[in-house]
Every structure is written in structure tokens, then in C-alpha cells.
Amino acid sequence: MTRLSVEMLAADAPPPITSAGHAQLGIAVLAGIAVIVLLITKFKLHAFLSLTIGSLVLGAVAGAPLDKAITSFTTGLGSTVAGVGVLIALGAILGKMLADSGGADEIVDTILAKAGGRAMPWAMVLIASVVGLPLFFEVGIVLLIPVVLMVAKRGNYSLMRIGIPALAGLSVMHGLIPPHPGPLVAIDAVKANLGVTLALGILVAIPTVIIAGPLFSRVAARWVDVPAPDRMLPQRASEELERRPGFGATLFTVLLPVVLMLAKALVDIVVDDTANMTQRVFDVVGSPLIALLAAVLVGIFTLGRPAGFSKERISSTVEKGLMPIAGILLIVGAGGGFKQTLIDCGVGQMILDISKDWSIPALLLAWLIAVAIRLATGSATVATVSAAGLVAPLAADMSTTHAALLVLAIGAGSLFFSHVNDAGFWLVKEYFGLSVGQTIKTWSVMETIISVVAGALVLLLSLVI
């Protein structure tokens, strides 16, 4: 155990790191990440346990006292859950209410009724992007797969022509747009402005989803020309309901938190005076907690009541919405613990010391780190939280817009080439009835296109803003 490492964990401001210290920390980082990768991929251990063990290995190899490493991990876990846990919970409640009330079905059916022929892939990407705003990726897939299969079968479309745009819309929302867990954790780690990140994220997401969705689906449909699998479609929520909420009310509820957060960002730019009453009001109503809470409360009246939900049914829906996110919260929290261990061991300072002489832009470095962890672990969330912890020090001297772009660079990198170690890969394969090779030629390539296009757009934006 080195005296240097003890001091780094014990002091708020770590001392300068020597070349030998750099080597030891570099080995510690590789050992920690290798343990996480090995436990997730080889031993199929849950990501929460893998991140916890990997954090302790990181601290031990760095030469830190075990009690200090444990303190770093638990502190990071607690602060991360405190920062984003409530937001994830509120997003889960809104998503569950949207699904169970038939509101999501109403959005889907209304848009499909207006679209046909060549417009159908564009309708699918629009549906997935709107529905995907408040939903976790896996929930969005489960919700939209019946629609994709139904449209492909009834309209005699290639499954890829309809499915790829829907998957692209969900994936882009998941990787780039808060309040999804990955972007929220990265925003918290690099201390970026949520409203600015949301605005720039939407700016990057639109061209990205067009290229990876409707445009790439033409190529994917030629590579893998398969019909919709002839299986029993899952029952849609609205089939059990006598009535469901209207399209306008549903769309208003889904977009409410986005509008409030964007309004706060706009007021911050225009007013820029903390003493101004207007800015103070929007600082409150546009905060992610209040914006999502407002959407949930509004959703009770615009989604639950029109669907005929009783008070007991609404309470049950909220409870069911919260149950599946325990694992997500723990993974995100453990990722925050790993991040804090990295920081307290001085890894962030090491990256600053090493990268200051490089000509590689900080945004590209963040993207590459996220890509490496994504390829190794298969988890976009693990890639995001780990990369955010590693590059957080780079944001210290960045402007508000560039800190937001750093978050988006991490998010873009975290989506790179999903393959056999990603649960999403198998979800898509099984639902669409594809072989492993077909899944790689469609889903994996689509994810790579999203990552590369979004990363390139982030770099271009950094040159002009």
C-alpha cells in the first residue's frame, strides 16, 4: 500500500501524481474494469454486484485502504441515487400509467391512422420517439413490438422496414435524452445543465434518428428480408379497457416535463439574472423533479381518470411502476460508487495529466472511453456511468454548452455496436425471430450508426457553439 494512495483517498485535494503513480492507477483502472467485464460476461453476475466488486478491486490495486475504498463506493452510491433516483422513479410511474391507461396505444393508433405506404417508417420512428421519452428502453420495446408486428403483417411490409425505425427512436431517446437514467447520471457526474443538455440532445437526436431509422431501414430490409414472425401477438393494454384517454391529452402529458425543462433553459439564457422573479419561478417549475412530478400528477387526471381508473387502480399502477426499477436504481447507484472510487483514487486527475498533452479533443476521448466500456460490458448504462466518472474532471473548465456536449458524447459512445453481451440484443433477436447473424446485420449495425452519427454531430456542434 502506497502512502500516496492513502493520502489521495483521505484528502479532498489529491497531491500531484508521479509517473509510477500513473502506472499503478492505470493498472488499477484496467483491473477494476476487467473484473466488472469478466463477472458480467463470463459468470453472468448481476451488474450491481459486479460494479461493487470491481470498485473494491480498483481501490485495492490502487493501494488504498479497504475501509477508505468502501467509504468512497458507498458515498458515490448514495449521492448518485439521491441525485437521480427520484427522477427514475417518477419516469417509471409516468411510463406505467401511459401504458396501462391505453394512452400509448392511443398515440400509436392515431399516428398510424394518418400514415401509410412510404410514410409508415417515418410514422414508426415518430411513435417510438414520442412514446420513448418517458419509458425505459426495455419497456418501450415490449410496448411497441406488438404494433411493429401488426403493422408489418397487415401492411405486408418487411419487418426491418418497420422495426428498425421503431428501435432507432427508442434507442436514441435512451442514450441521449433525459430523464433516461444514463443521461441523468452523466449530467450529475459532470455537473452539466439539464435543460441545455436536453435542448442539445434533441438537436442531435433528430438527424441521428432519421439516418439510423427510416434511411438505414431500407438497407437493413435488403440485408435481412424477413416477414413478421407468425406468432400470437401480446395483448395490448387498451383491449381490456372500455375507454382510453384522448390523443391530445396523452401527448400533452408526455411532453409536459420536456417543455418545462426546455422553458427553464430558455429563460436561463434570455434572463441570466438569479434575482429575477421570472427566472426563479422557472428554476423551480423547470427542475427535473418538479417537471416529472407535475407530469405524473397531471397524468392521474389526463390518463388514469379517462381510462376509468379508480383511486385504488391508480395507486396500484404507481406501485407496479416502481417495482421493476429496483435493479436499475441499484445498477445506477453502483455505477456512481465506481465513479466516486475512480475520482477518490485520483484517476480523474491522472486522465487530466495524461490527456493535457494529447491533441485528441475531450469530447472524442469521452466517446472512445464509453465505446470501450460498452463493447466490454454490453450495458449502455454501465458504459455511461463509468465513462462519466472517468472524464468528469475534464468538464471543470468547460462552458455550459460544452459540458452538455460532453454528456451527449458519453451517451453516444454508450450505444456503440450492441452484441451478444447485451440483453437488448437478445430481446430484439427473440421478438423479431432473427438469427444471431441477422441481428448483428440489423440491430447491431443500427446501434453503431446511432453512436457514430451522434458522436460526429456532437463534435461538429462543439466547433460552432
To check you understand the geometry: which heavy-atom pair defines the closest contact between A104 and A99, and what is its length? CB-CA, 4.5 Å
Testing L292, I290, L289, L293 for side-chain contact (heavy atoms from CB on, under 4.5 Å) with P257, which one passes? L292
Which side-chain N or O atoms in residues 390-399 pair as donor and acceptor under 3.5 Å with protein atoms at least two apart or in another chain?
unit_1, atom_1, unit_2, atom_2, d
S399, OG, T401, OG1, 3.2
S399, OG, H402, N, 3.3

Per the salt bridge (Lys or Arg N to Asp or Glu O under 4.0 Å) rule, what does the pair list look like for residues 21-30, sequence neighbours excluded? none
Should L460 and V464 be marked as a side chain to side chain contact (heavy atoms under 4.5 Å, CB included) after you check the CA-CA gap, both sets of side-chain angles, and the distance that decides it? CA-CA 7 Å; L460 286 174; V464 297; over 6 Å; no
Results of side-chain contact (heavy atoms from CB on, under 4.5 Å) for L30 - residues two or more places apart only: none
Verify side chain to side chain contact (heavy atoms under 4.5 Å, CB included) between S418 and W443, making sure each step is shown before the conclusion. CA-CA 8 Å; S418 162; W443 160 254; 2.8 Å; yes
Distance-minimising heavy-atom pair for G175 and P183: O-CG, 3.6 Å
Rounded to the nearest 0.5 Å, what's the gap from CG on L58 to CD1 on I33? Could you check? 8.5 Å
Grab the two heavy atoms, one from K264 and one from D283, that are nearest each other, plus how far apart they are. CE-OD1, 3.6 Å
With side chains defined as the heavy atoms from C-beta onward, is the minimum distance between I360 and L368 less than 4.5 Å? yes
Tell me the closest heavy-atom pair linking T71 and T74, and the distance in Å. O-OG1, 3.1 Å
Mind jotting down which residue pairs meet the salt bridge (Lys or Arg N to Asp or Glu O under 4.0 Å) criterion with at least one end in residues 71-91? Sequence neighbours excluded, please. none
Nearest heavy-atom pair of P214 and P121: which atoms, and what distance? CG-O, 4.1 Å
Would you please name every residue forming a side chain to side chain donor-acceptor pair (under 3.5 Å) with S217, sequence neighbours left out? R161
Could you go through L25 and C345, starting from their C-alpha distance and side-chain angles, then the distance that decides it, and tell me whether this counts as side chain to side chain contact (heavy atoms under 4.5 Å, CB included)? CA-CA 8 Å; L25 285 176; C345 282; 4.1 Å; yes
Given side chains that start at C-beta, do those of P207 and V453 come closer than 4.5 Å, heavy atoms only? no
Working note: V35 + S50, criterion side chain to side chain contact (heavy atoms under 4.5 Å, CB included); need CA distance, chi angles, decisive distance, verdict. CA-CA 7 Å; V35 167; S50 302; over 6 Å; no
If a pair satisfies ring-ring contact (aromatic ring centres under 6.0 Å, His included) and one of its residues is in residues 359-400, list it, with sequence neighbours excluded. W367-F416
Does the side chain of V125 come within less than 4.5 Å of I210's, by heavy atoms? no
Would you say the side chain of L45 lies within less than 4.5 Å of the side chain of I53, judging by non-hydrogen atoms? yes
Can you tell me how far CG of L329 sits from OG1 of T80, rounded to the nearest 0.5 angstrom? 11.0 Å
One should read off an interatomic distance between M124 CE and L167 CG, to the nearest 0.5 angstrom, of 9.0 Å
Can you tell me how far apart CD1 (I373) and OG (S386) are? Round to the nearest 0.5 Å. 4.5 Å
Which residues pass the side-chain contact (heavy atoms from CB on, under 4.5 Å) test with A192, not counting sequence neighbours? I187, V190, T197, A403, V407
Answer yes or no: is there a side-chain heavy-atom contact under 4.5 Å between Q340 and D344? yes
Only counting residues at least two apart or in another chain, list the ones meeting side chain to side chain donor-acceptor pair (under 3.5 Å) with T384. S414
Does I465 reach the side chain of L405, with side-chain heavy atoms less than 4.5 Å apart? yes
Those residues that, when tested against L434, pass side-chain contact (heavy atoms from CB on, under 4.5 Å) (two or more places apart): M160, V224, V226, F432, Q438, T439, T442
Listed by chain and number, what are the side-chain contact (heavy atoms from CB on, under 4.5 Å) partners of A454, not counting sequence neighbours? L176, V204, T208, A412
Expected output: side-chain T448 to main-chain F417 donor-acceptor under 3.5 Å: yes
Under the rule for side chain to side chain donor-acceptor pair (under 3.5 Å), what residues qualify as partners of S171, not counting sequence neighbours? E447
Any side-chain heavy-atom pair from V436 and K441 closer than 4.5 angstrom? no
Who are the side chain to side chain donor-acceptor pair (under 3.5 Å) partners of T253, not counting sequence neighbours? T302
Side chains of I440 and H419 in contact at under 4.5 Å (non-hydrogen atoms): no
So, taking the atom named OG1 in T52 and the one named CG in L77, what distance separates them when rounded to the nearest 0.5 Å? 7.0 Å
Of all the heavy-atom pairs spanning G213 and I164, show the shortest one and how long it is. O-CG2, 3.8 Å
Taking atom CG of L200 and atom CG of L457, what is their separation to the nearest 0.5 Å? 11.5 Å
